[in-house]
Every structure is written in C-alpha cells, then in structure tokens.
Amino acid sequence: MKKNILSGIRPTGNLHLGHLLGTVDNWVKLQESYNCYFEIADAQALTDNFDNPDKVNRNVKEVAIDLLSSGIDPNKSVIFIQSMIPEIAELTVYFSNMVTVARLYRNPTVKTEIKQKKALFGVKGEGVTYGFIGYPVSQAADITAFDGELVPVGDDQLPLLEQCREIVRKFNTIYGETLKEPAHYLSNMPRLKGLDGNEKMGKSLGNAIYLKDSAEEINKKVMNAITDPNKIKKDDPANPEVCMVYYYHKLFSKDDLETINKECRLGQRGCVNCKKQLVQNITTFLKPIQEKRHYYEMNPEVVDKILLEGTKKAQAKAKEVMKRVKKNMKIDYFEEGKD
Ligand code: ATP
Ligand code: MG
C-alpha cells in the first residue's frame with residue numbers, strides 16, 4: 001500500500017524559486033511512489049487576506065499553472081482547492097476544542113508571522129484575528145482529512161506539523177484510534193534565503209524571484225542583491241561566503257563555482273558581471289518551466305478540468321475520513337446522515 005502525502009501552498013502569489021527548490025521539486029519526485037494530495041490552500045490564504053478576495057481568487061489558477069509547469073502530473077497526483085472540501089472546515093471545528101489559545105500563541109511559526117504582518121495585526125499583534133491564530137488547527141485538518149502520513153514542507157512549517165501531531169494524539173486518546181499521525185519530510189533545501197539577505201525568500205516578503213519572471217525582472221532583482229559590503233571598487237577582493245549572489249551561484253552555476261569563488265576572492269570579478277552571469281543561468285533554468293506555463297495559459301480549460309477532477313477525488317477521500325471521525329466522536333445519529 002502506498003502511503004499518503006498531503007502538502008499545500010497558499011494562493012497568495014505565484015510560485016518562486018524557494019517553493020520550487022524547497023518544496024515542489026520534492027513533490028515531483030514523491031509523486032512517483034506515494035498517493036499525493038496537493039492542496040491549494042485558499043481558505044488559509046484568506047486568514048490574512050480576507051480583505052483581498054480578488055488576490056486569492058486570481059492566484060488559485062496561477063498557482064495551479066505554476067505547479068503543473070513545475071512537473072506535478074495530474075495523472076499521478078491530486079491537485080485540489082481547499083475551500084471546495086467542506087469536510088476540512090468541519091474537522092477544524094472539532095479540532096479547535098483540543099487546542100488552547102495559549103499554545104497557538106506560543107507556536108514559533110505563528111509568532112514569526114504575526115511579527116511580519118505588523119501592518120495587518122498591529123505592532124504588538126493586538127489585532128490578531130481568531131481565524132489567523134487558528135490556522136494551525138485548520139492546517140491539522142488539511143492533513144488528517146486525507147490520512148496524510150508524510151508532509152513535505154520547508155523548515156518554517158515544522159512547528160505547525162508538531163502542533164498537528166499533538167492534536168492527532170489528543171484526538172485518538174479521547175475518541176479512539178481514528179487519525180494518522182503525520183511525519184514531516186524536509187528537502188535538502190528546506191529554506192532558500194532571499195537575495196536581500198533575508199533568512200527566507202517569501203511571497204509576502206517582497207524578495208522573491210518568481211518562476212514566471214522575465215529576464216528583465218530577474219535582472220532587476222539580482223542587480224539589487226546584497227553583496228560583500230566591504231567591496232567598494234570593482235577590483236577589490238571580496239568574500240563570496242557573505243554574498244547573496246554567490247549563495248545563488250552555488251545553486252545555479254555549479255559548473256563555474258570554483259572559478260567564481262577564486263576570481264571573487266582575488267578581486268578579478270566585478271559584481272555587475274557576476275550578477276549578469278547569475279541572471280543568465282536563472283533565466284536558462286526557468287525556460288522549460290515557462291514554456292509549459294505558456295501552454296496552460298493558452299489552454300485554461302485544461303487547468304479547470306484538472307482542478308475539478310482533483311477536487312472530486314479529494315472530496316471522496318475526505319468524506320471517508322469524516323465518516324470515521326463522526327462515528328468515533330458519536331455524532332453520527334442517523335443512518336441516512338452517515339455518509
Ligand atoms: P506566504 O508568505 O504567503 O506565507 P510563502 O512564500 O511562505 O507565502 P507558502 O504557500 O506559505 O509560501 O508555503 C508553501 C510551501 O513552500 C511551504 O512548505 C513552505 O515551507 C515552502 N517554502 C516557502 N518559501 C520557501 C523558501 N524560501 N525555501 C524553502 N521552502 C519554502
Ligand atoms: Mg508561508
């Protein structure tokens with residue numbers, strides 16, 4: 001029996017290199033040997049974008065196209081839309097009884113995100129909503145509604161997964177063995193840093209190179225990257241290990257890495273040329289993905305069909321799990337209401 005995988009992405013913007021190297025490349029490999037469910041988490045995206053429904057709406061199909069262009073194969077994996085599976089919301093309600101508010105506030109991922117979202121939640125987080133603070137609970141429902149056993153994620157998600165395991169253990173202790181306890185699966189690039197030196201490239205952080213970016217856009221972003229601050233003139237020697245351009249060369253210029261490192265240290269390489277080389281390599285790397293994107297953009301009905309069929313399959317699985325949940329919680333009152 002193949003194990004189930006559940007992982008998700010918020011439709012808050014297009015996919016960037018962090019998603020691809022940190023998560024989606026992994027999904028592409030895993031779909032060969034697991035039952036994969038990939039969720040477009042629109043309900044979760046609305047927790048901090050409730051006032052911008054157009055953004056979330058637009059990005060559902062954009063993210064679907066990004067996933068398909070990156071190699072997610074709808075014949076092997078299920079791609080579905082979270083809000084179209086009401087069982088997830090239902091399960092969230094029951095899970096919410098098993099989590100204290102204090103525990104949610106202590107979750108390191110939630111803490112970091114509240115700090116990052118000062119404009120929305122206030123400087124001290126005094127404006128945090130019930131929906132946002134509760135998103136780890138709904139994420140636990142996302143995973144368990146599909147009997148998720150393995151969850152491939154970036155390392156920013158680990159505390160959320162720990163919280164999910166706590167909920168599952170509590171649920172199973174109270175209501176009897178019902179839900180599977182998921183394990184995380186980290187890629188070998190659990191966190192891609194931003195070109196701006198931020199610890200994470202993120203959609204909401206304004207530092208992302210998107211899979212659909214044109215060469216000009218990539219150029220603009222790479223030209224602003226943080227380099228060794230001690231290098232003033234073109235031929236000053238520098239330390240590549242403190243340079244974000246070199247950090248990216250390590251990923252996209254593997255064949256020339258030794259030369260790049262040596263020339264940088266000897267002051268034989270100006271930052272502008274060094275950046276141009278990186279732009280070229282990232283552009284070449286993204287070309288096949290962008291060609292596939294073009295196909296899906298030209299054929300939106302293909303994308304719609306994939307999403308509708310995926311959501312139908314996901315729905316069937318969530319219904320099966322919910323039946324078990326209701327039975328064990330003793331809230332399955334009538335025969336006809338049991339499915
Ligand atoms: P947002 O800022 O809206 O939360 P995000 O860029 O964090 O967007 P998510 O949709 O929250 O993207 O994350 C989807 C998945 O991609 C998660 O598993 C997350 O860990 C992973 N991920 C996101 N950014 C990176 C990154 N820079 N490096 C590695 N993995 C990443
Ligand atoms: Mg995120």
Side-chain angles (χ1 to χ4, degrees), residues 5-30 36-52 55-56 58-60 62-64 66-67 70 72 79-82 107-121 131-132 135-136 138-140 142-143 148 150-164 182-213 221 225 244 247-248 250-252 282:
I5 282 192
L6 181 291
S7 201
I9 197 130
R10 292 155 36 100
T12 48
N14 281 95
L15 260 61
H16 53 62
L17 288 174
H19 294 125
L20 185 70
L21 305 182
T23 303
V24 180
D25 270 353
N26 228 350
W27 293 1
V28 172
K29 268 186 249 145
L30 293 167
C36 292
Y37 294 90
F38 298 128
E39 175 185 271
I40 302 183
D42 59 340
Q44 189 187 115
L46 283 165
T47 58
D48 52 334
N49 292 279
F50 59 89
D51 53 350
N52 202 347
K55 172 176 158 188
V56 176
R58 183 178 65 246
N59 281 305
V60 167
E62 278 297 307
V63 164
D66 278 330
L67 290 177
S70 305
I72 300 297
I79 308 177
F80 70 97
I81 301 175
Q82 183 187 25
N107 186 308
T109 308
V110 174
K111 265 192 189 165
T112 311
E113 290 180 348
I114 290 175
K115 264 191 222 142
Q116 279 166 3
K117 296 176 206 291
K118 283 196 187 86
L120 189 62
F121 296 141
F132 184 81
Y135 96 75
S138 98
Q139 193 159 311
D142 292 336
I143 298 167
L150 214 55
V151 184
V153 284
D155 70 356
D156 60 322
Q157 300 282 308
L158 292 178
L160 296 173
L161 213 61
E162 187 47 40
Q163 181 130 39
C164 171
H184 64 260
Y185 185 99
L186 280 182
S187 72
N188 39 21
M189 172 58 69
R191 186 180 310 204
L192 182 73
K193 292 184 193 177
L195 277 164
D196 57 353
N198 192 305
E199 274 309 304
K200 186 186 143 184
M201 174 182 280
K203 277 178 290 198
S204 312
L205 301 171
N207 62 1
I209 293 184
Y210 294 100
L211 304 185
K212 66 182 276 197
D213 274 353
K221 291 173 182 175
M244 290 319 294
Y247 172 88
Y248 275 77
K250 283 194 217 164
L251 300 165
F252 296 100
I282 295 179

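Just so you know, these numbers come straight off a predicted model, no measurement behind them. For ligands, and for the atoms within them, numbers begin at 1 and follow the listed sequence. Computed over heavy atoms, backbone and side chain alike; hydrogens, waters and symmetry mates excluded.
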Asks: May I ask whether A208 has any heavy atom positioned less than 4.0 angstrom from an atom of ligand 1?
Replies: no
Asks: For I9, counting its heavy atoms only, list the atoms of ligand 1 lying under 4.0 Å from any of them.
Replies: 10 (O), 14 (C)
Asks: Please determine, by modelled atom types, if E39 and Q44 share a side-chain donor-acceptor pair under 3.5 angstrom.
Replies: no
Asks: Judging by distance only, is a nitrogen or oxygen of Q157 under 3.5 angstrom from one on ligand 1?
Replies: no
Asks: Give me the one residue out of N59, I81, V63 that meets side chain to side chain contact (heavy atoms under 4.5 Å, CB included) with D42.
Replies: I81
Asks: Is there a donor-acceptor contact under 3.5 Å from the side chain of Y247 to the main chain of K193?
Replies: yes
Asks: Between H16 and ligand 1, which part of the residue brings a heavy atom under 4.0 Å of the ligand: side chain, backbone, both or neither?
Replies: side chain
Asks: Identify, by atom number and element, the atoms of ligand 1 in contact range of G8, meaning under 4.0 Å from any of its heavy atoms.
Replies: 14 (C)
Asks: If I take atom OG from residue S187 and atom CG from residue D25, how far apart are they, to the nearest 0.5 angstrom?
Replies: 8.5 Å
Asks: Which is closest to atom 18 (O) of ligand 1 in terms of heavy atoms, G202, P11, G154, S187?
Replies: G154
Asks: Which heavy atom of L160 sits nearest a heavy atom of Q139, and at what distance?
Replies: CD1-NE2, 3.6 Å
Asks: Below 4.0 angstrom from a heavy atom of R191, which ligand 1 atoms are there? Numbered from 1 as shown, please.
Replies: 28 (N), 29 (C)
Asks: Using distance alone, determine whether L192 and ligand 1 share an N or O pair under 3.5 Å.
Replies: yes
Asks: Name the orientation class of the two ring planes belonging to F121 and F132 (parallel below 30°, tilted from 30 to 60°, perpendicular beyond 60°).
Replies: tilted
Asks: To which of K193, H19, E199 does the heavy atom nearest atom 23 (C) of ligand 1 belong?
Replies: H19
Asks: Between the side chain of N207 and the main-chain N/O of K200, is any donor-acceptor distance below 3.5 Å?
Replies: yes
Asks: If you count the atoms of ligand 1 from 1 in the order shown, which ones are under 4.0 Å from a heavy atom of P190?
Replies: 29 (C), 30 (N)
Asks: Output yes when the distance from some N or O of ligand 1 to some N or O of D156 is under 3.5 Å, and no in every other case.
Replies: yes
Asks: Are any side-chain N or O atoms of T109 and backbone N or O atoms of Q157, one a donor and one an acceptor, separated by less than 3.5 Å?
Replies: no
Asks: Between T12 and ligand 1, find which residue part has any heavy-atom pair under 4.0 Å and reply side chain, backbone, both or neither.
Replies: side chain
Asks: Is it true that Q116 lies under 4.0 Å from ligand 1, counting heavy atoms only?
Replies: no
Asks: To the nearest 0.5 angstrom, please state how far the NE2 atom of H184 sits from the CG atom of L161.
Replies: 7.5 Å
Asks: Go through ligand 1 atom by atom and flag the ones less than 4.0 Å from a non-hydrogen atom of G22.
Replies: 29 (C), 30 (N)
Asks: Is the backbone of Y210 close enough, under 3.5 Å, to the side chain of N14 for a donor and an acceptor to pair up by distance?
Replies: no
Asks: Would you say M201 and ligand 1 have an N/O pair spaced under 3.5 Å apart?
Replies: yes
